[in-house]
Amino acid sequence: MHLTIAELDQMVAQEWAKASASNNGRSAIAVLKDGRLRHTLITLLTGCKMNDHEKPESATLQVLRGTIVVSWGGESKTIEHGGLYVLPDAIHNVVATEDSAFLLTSLAG
């Protein structure tokens with residue numbers, strides 16, 4: 001079945017539980033897909049990190065809960081609950097400064 005709607009609050013709670021049970025303090029799940037457009041829910045517990053990685057062709061993230069810091073090339077940007085951000089065109093990493101959940105919207109290759 002092709003999903004066309006998602007209940008993010010419920011999914012955040014489920015993914016936080018998975019992150020809490022994991023060794024790395026994080027969890028990710030594909031939420032919705034439409035052609036090349038992808039929405040992925042990512043949860044990170046306080047202090048957990050997504051190591052350096054490249055930006056997809058186009059990507060934004062929206063913080064649904066908590067606060068994260070995106071860092072790249074000696075720069076960084078703090079994004080808090082409700083913030084919507086276009087990722088930099090650079091190798092970057094993400095760290096949660098508190099338990100956080102964010103929606104990554106990107107184009108798949």
Side-chain angles (χ1 to χ4, degrees):
M1 173 169 44
H2 178 71
L3 291 178
T4 58
I5 190 169
E7 179 52 55
L8 292 176
D9 286 340
Q10 180 181 6
M11 293 180 85
V12 166
Q14 292 170 347
E15 293 308 303
W16 261 340
K18 289 180 186 177
S20 295
S22 76
N23 291 332
N24 60 11
R26 65 182 188 216
S27 178
I29 187 170
V31 177
L32 297 176
K33 300 176 183 179
D34 184 27
R36 292 180 52 220
L37 186 65
R38 302 287 186 263
H39 299 281
T40 305
L41 175 63
I42 301 169
T43 56
L44 295 174
L45 300 182
T46 303
C48 292
K49 180 177 185 177
M50 294 176 63
N51 293 326
D52 286 349
H53 57 280
E54 293 184 9
K55 173 189 172 187
E57 176 184 343
S58 294
T60 62
L61 59 82
Q62 181 178 11
V63 177
L64 303 172
R65 303 277 190 284
T67 302
I68 60 173
V69 177
V70 178
S71 300
W72 69 98
E75 296 184 56
S76 66
K77 178 68 178 170
T78 300
I79 306 133
E80 299 176 334
H81 172 252
L84 178 62
Y85 181 69
V86 176
L87 287 168
D89 288 324
I91 293 176
H92 62 279
N93 63 63
V94 180
V95 176
T97 59
E98 58 184 311
D99 289 355
S100 300
F102 59 95
L103 189 65
L104 173 69
T105 302
S106 62
L107 293 179

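Keep in mind that what you see is a predicted model, and the values were worked out from it rather than measured. What you see below is based on every heavy atom in this structure, not just the backbone, and it leaves out hydrogens, waters and symmetry mates.
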Q: If the condition is salt bridge (Lys or Arg N to Asp or Glu O under 4.0 Å), which residues does Lys49 pass it with, not counting sequence neighbours?
A: none
Q: So, using salt bridge (Lys or Arg N to Asp or Glu O under 4.0 Å) as the criterion, who are the partners of Arg26 when residues are at least two apart?
A: none
Q: Return the set of residues passing salt bridge (Lys or Arg N to Asp or Glu O under 4.0 Å) with Glu57 (not counting sequence neighbours), or none when no residue passes.
A: Arg36
Q: Considering all heavy atoms of both residues, which atom of Asn24 and which atom of Cys48 are nearest to each other, and what is their separation?
A: O-SG, 3.3 Å
Q: Enumerate the side chain to side chain donor-acceptor pair (under 3.5 Å) contacts for residues 83-93, please, sequence neighbours excluded, ordered by first and then second residue.
A: Asp52-Asn93, His53-His92, Lys55-Asp89
Q: Any chance you could pull the hydrophobic cluster mates of Leu84, using side-chain heavy atoms under 4.5 angstrom and chaining through other members?
A: none
Q: Throw together a table of side-chain donor-acceptor distances under 3.5 angstrom for residues 66-82, partners on residues two or more places apart or in other chains.
A:
unit_1, atom_1, unit_2, atom_2, d
Thr67, OG1, Glu98, OE2, 2.7
His81, NE2, Leu64, O, 3.2

Q: List the residues meeting ring-ring contact (aromatic ring centres under 6.0 Å, His included) with His39, not counting sequence neighbours, and say none if there are none.
A: none
Q: Report the hydrophobic cluster partners of Leu107, with the cluster defined as I, L, V, M, F, W, Y residues connected by side-chain heavy atoms closer than 4.5 angstrom, directly or transitively.
A: Leu37
Q: Under the side chain to side chain contact (heavy atoms under 4.5 Å, CB included) rule, collect the residues that match up with Ala28, sequence neighbours excluded.
A: Thr40, Ile42
Q: Mind checking side chain to side chain contact (heavy atoms under 4.5 Å, CB included) for Asn23 and listing every partner two or more places apart, or none if nothing turns up?
A: none
Q: Side chains of Thr43 and Phe102, heavy atoms from C-beta outward: is any pair under 4.5 Å?
A: no
Q: Going by salt bridge (Lys or Arg N to Asp or Glu O under 4.0 Å), name the pairs with one or both residues in residues 99-109, residues two or more places apart or in two chains.
A: none
Q: Listing request: all ring pair (Phe, Tyr, Trp, His ring centres under 6.0 Å) pairs with a residue in residues 10-38, at least two apart in sequence or in separate chains.
A: none
